[in-house]
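This report refers to the structure that appears directly beneath it.
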2 protein chains.
Amino acid sequence: MATGRTHRPATRSRGIPEATVARLPLYLRALTALSERSVPTVSSEELAAAAGVNSAKLRKDFSYLGSYGTRGVGYDVEYLVYQISRELGLTQDWPVVIVGIGNLGAALANYGGFASRGFRVAALIDADPAMAGKPVAGIPVQHSDDLEKIIQDNGVSIGVIATPAGAAQPVCDRLVAAGVTSILNFAPTVLTVPDGVDVRKVDLSIELQILAFHEQRKAGEDAAHSDGTGPAAVTREESDASADQGPDGDVPAVMPA
Amino acid sequence: MATGRTHRPATRSRGIPEATVARLPLYLRALTALSERSVPTVSSEELAAAAGVNSAKLRKDFSYLGSYGTRGVGYDVEYLVYQISRELGLTQDWPVVIVGIGNLGAALANYGGFASRGFRVAALIDADPAMAGKPVAGIPVQHSDDLEKIIQDNGVSIGVIATPAGAAQPVCDRLVAAGVTSILNFAPTVLTVPDGVDVRKVDLSIELQILAFHEQRKAGEDAAHSDGTGPAAVTREESDASADQGPDGDVPAVMPA
DNA sequence: ACGTGTGAAGCAGTTCACAGCG
DNA sequence: CGCTGTGAACTGCTTCACACGT
């Protein structure tokens with residue numbers, strides 16, 4: 001690595017746009033599927049279709065990684081898989097802890113997406129003493145009293161929070177204090193973290209609300225026209241989400257004045 | 001395929017930017033919490049802090065909805081809750097079906113975020129006959145043979161897919177054919193849908209990979225020479241996600257040449 | 001000829017900074 | 001005054017279109 005070619009050793013330079021990073025996993029998945037089918041090369045057009053993006057965007061994205069394609073031919077599948085994996089840091093093993101082994105935490109522990117691709121569930125942690133020792137997805141649940149020790153013993157830097165909303169911030173604080181610097185938060189709460197710690201949020205009810213917004217719009221437009229039975233309205237195959245921190249609290253009923 | 005571009009009506013009369021729509025649920029949650037504490041008004045500054053955004057952005061967002069604030073005072077909490085709820089379409093009831101009642105589907109069914117805020121789990125559907133009739137979260141699971149009838153009988157327009165990757169597209173097709181026009185996809189697959197159908201995706205492994213990327217970057221910077229300027233490490237409280245369609249297939253091991 | 005790689009144009013989203021109203 | 005509402009500047013992402021290497 002870092003063997004300068006024509007440019008600077010820019011291979012993993014600081015300059016990859018966030019939007020591009022967010023799409024690399026997409027490309028990787030599509031490429032992995034091609035790899036399994038022993039497809040040797042792909043054009044940007046083909047790969048873009050498989051990943052659900054447009055080809056200009058894909059080429060631009062890849063250009064940030066380097067010039068890994070061959071003009072007139074396309075990209076070497078195996079090589080790209082490797083380069084993207086490396087860029088994403090998936091050539092190393094990331095031990096992950098899941099905190100909060102309720103319905104969701106258990107589902108996450110069982111989710112195949114974890115085991116594959118460099119992520120390994122190092123420990124499951126729950127505050128309920130009754131859970132301690134009980135195996136979930138083949139891994140014994142440990143009590144949250146030992147959280148700090150578990151983090152340190154396993155060299156964990158990525159934590160997943162699947163606790164109830166109220167417990168999320170305290171858990172987050174302890175994780176961070178113990179050395180975790182990346183957090184995936186499933187609780188519907190805004191997490192406050194110190195600089196240098198990354199938080200990503202997955203929030204079911206926010207996603208639903210966004211869908212409801214568009215759904216309402218469709219209904220409105222339909223009504224304005226005829227009572228048509230056919231769907232014809234807001235078409236977006238590139239709806240964008242973004243958003244990071246969720247606000248706090250549980251979500252009760254909506255009923256103003 | 002995968003090229004619906006249908007343009008965007010742009011900001012004519014009813015044009016709320018997508019990025020703003022994605023934040024409305026955040027504001028709503030923060031406002032609801034305030035409402036519960038009987039706080040009568042908030043300033044953009046306070047509310048922004050609670051929602052984890054900056055106040056200029058919040059004011060700009062609200063300006064798309066109308067002028068609901070009072071200069072020198074702030075926003076009336078109850079009134080804003082109502083306006084945002086209405087804008088998001090949460091003043092009506094949205095029946096939702098969840099297809100695929102495995103670990104994740106069951107967790108979703110039990111998730112409180114569903115029940116609150118205008119969403120109602122109208123039915124749980126699974127392909128496994130052994131599941132049929134078994135209650136999950138108090139709702140009996142129905143067999144997928146009856147999917148179309150269930151959708152139509154309940155007037156469902158929002159579907160949640162929590163099946164394995166391989167089943168997602170067929171399920172999606174049936175949902176759409178039966179009248180569903182908004183889909184929340186938890187399967188790691190790129191869903192192809194006709195124009196007029198909205199798809200949002202929640203993908204655990206993509207989120208983890210994005211975290212891994214930043215994590216690797218932190219480690220690299222620490223290990224190598226420390227830069228001499230400003231704060232080290234990636235500090236982002238506003239990391240952005242985006243991304244919509246995921247690519248297809250399961251995700252096996254990564255191991256190129 | 002073909003498909004990558006990329007300047008340049010175009011656009012969406014964010015931030016600034018201040019005018020204007022209570 | 002204080003705080004909202006918003007034009008205007010700015011930043012970053014996407015799309016275009018074509019030169020260039022193979």
Side-chain angles (χ1 to χ4, degrees), chain A residues 5-7 10 14-24 26-27 40-49 51-77 79-80 83 236-245, chain B residues 2-12 15-24 26-27 40-49 51-77 79-80 83 236-245:
Chain A
R5 256 289 161 70
T6 324
H7 284 254
R14 60 183 98 275
I16 300 180
E18 193 56 32
T20 295
V21 172
R23 279 187 298 267
L24 291 181
L26 244 59
Y27 302 143
T41 59
V42 251
S43 67
S44 62
E45 203 67 59
E46 295 166 324
L47 184 54
V53 304
N54 93 28
S55 64
K57 194 186 285 184
L58 178 145
R59 287 201 302 278
K60 183 66 108 184
D61 283 343
F62 285 179
S63 78
Y64 294 118
L65 309 184
S67 289
Y68 295 150
T70 306
R71 292 171 197 237
V73 178
Y75 300 91
D76 181 276
V77 172
Y79 187 56
L80 247 194
Q83 290 299 343
R236 324 198 69 262
E237 83 157 18
E238 287 256 329
S239 69
D240 226 68
S242 306
D244 259 63
Q245 292 293 69
Chain B
T3 312
R5 90 283 40 210
T6 310
H7 212 67
R8 176 198 285 268
T11 314
R12 184 56 61 91
I16 301 177
E18 193 56 33
T20 295
V21 172
R23 280 187 296 267
L24 292 181
L26 244 58
Y27 301 144
T41 58
V42 252
S43 67
S44 62
E45 203 68 57
E46 294 165 323
L47 184 53
V53 302
N54 92 30
S55 64
K57 194 187 285 187
L58 179 144
R59 287 201 302 279
K60 182 66 106 182
D61 283 342
F62 285 179
S63 79
Y64 293 117
L65 309 183
S67 289
Y68 295 149
T70 307
R71 292 168 199 243
V73 178
Y75 300 92
D76 182 275
V77 172
Y79 187 57
L80 246 195
Q83 289 299 344
R236 323 196 77 261
E237 97 159 9
E238 286 253 332
S239 70
D240 226 70
S242 308
D244 259 63
Q245 290 292 67

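Residue numbers begin at 1 in each chain, while the letters A, B, ... track the order of the sequences. Atoms considered below: every heavy atom in the structure, side chains included; atoms not considered: hydrogens, waters and symmetry mates. Small disclaimer: the values here were computed from a predicted structure and weren't measured.
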Taking atom C1' of dG22(C) as reference, at what distance in whole Å does atom CZ of R71(B) sit? 9 Å
Hey, which sits more toward the 5' end of DNA chain D by its nearest nucleotide, T20(A) or V73(A)? T20(A)
dT15(C), OP1 or OP2 - any side-chain N/O from K60(B) closer than 4.0 Å? no
Tell me: CG of L65(A) to C1' of dT4(C), nearest whole Å? 14 Å
Can you find a side chain N or O atom of R23(B) that sits less than 4.0 Å from OP1 or OP2 on dT14(C)? yes
In whole angstrom, what separates L58(B)'s CG from dG13(C)'s P? 17 Å
Pair S55(B)-R59(B), side chain to side chain contact (heavy atoms under 4.5 Å, CB included): steps then yes or no: CA-CA 6 Å; S55(B) 64; R59(B) 287 201 302 279; 3.6 Å; yes
Looking only at dT14(C), dT14(D), dC18(D), the nucleotide nearest the R59(A) side chain is dC18(D)
Does Y68(B) put a side-chain nitrogen or oxygen below 4.0 Å from OP1 or OP2 of dC3(D)? no
Check against side chain to side chain contact (heavy atoms under 4.5 Å, CB included), L80(A) and F62(A): CA-CA 9 Å; L80(A) 247 194; F62(A) 285 179; 3.3 Å; yes
Rounding to an integer number of Å, can you tell me how far E45(A) CD sits from dC16(D) C1'? 14 Å
Quick one: are L65(A) and Q83(A) in side-chain contact, heavy atoms under 4.5 Å? no
Strictly below 4.0 Å: does N54(B) bring a side-chain N or O up to OP1 or OP2 of dT15(C)? yes
5' precedence on DNA chain D between T70(A) and V42(B) (nearest-nucleotide basis): V42(B)
Rounded to whole Å, the CD-P distance (E46(A) to dG3(C)) equals 9 Å
Between E46(B) and T41(B), what is the shortest heavy-atom contact and its length? OE1-O, 4.4 Å
For L47(A) and dG3(C), what is the distance between atoms CG and P respectively, to the nearest whole Å? 14 Å
Could you tell me how far apart D76(A) (CG) and dT22(D) (C1') are, to the nearest whole angstrom? 16 Å
Base, sugar-phosphate, or nothing for Y75(B), non-hydrogen atoms under 4.0 angstrom? sugar-phosphate
Would you say a side-chain N or O of S44(A) is under 4.0 Å from OP1 or OP2 of dT4(C)? yes
Nearest whole angstrom, please: distance from the C1' of dG13(C) to the CG of D61(B). 10 Å
If you round to the nearest 0.5 Å, how far is OH of Y27(A) from CG of L47(A)? 8.0 Å
Please tell me if K57(A) has a side-chain N or O lying less than 4.0 Å from either OP1 or OP2 of dT15(D). yes
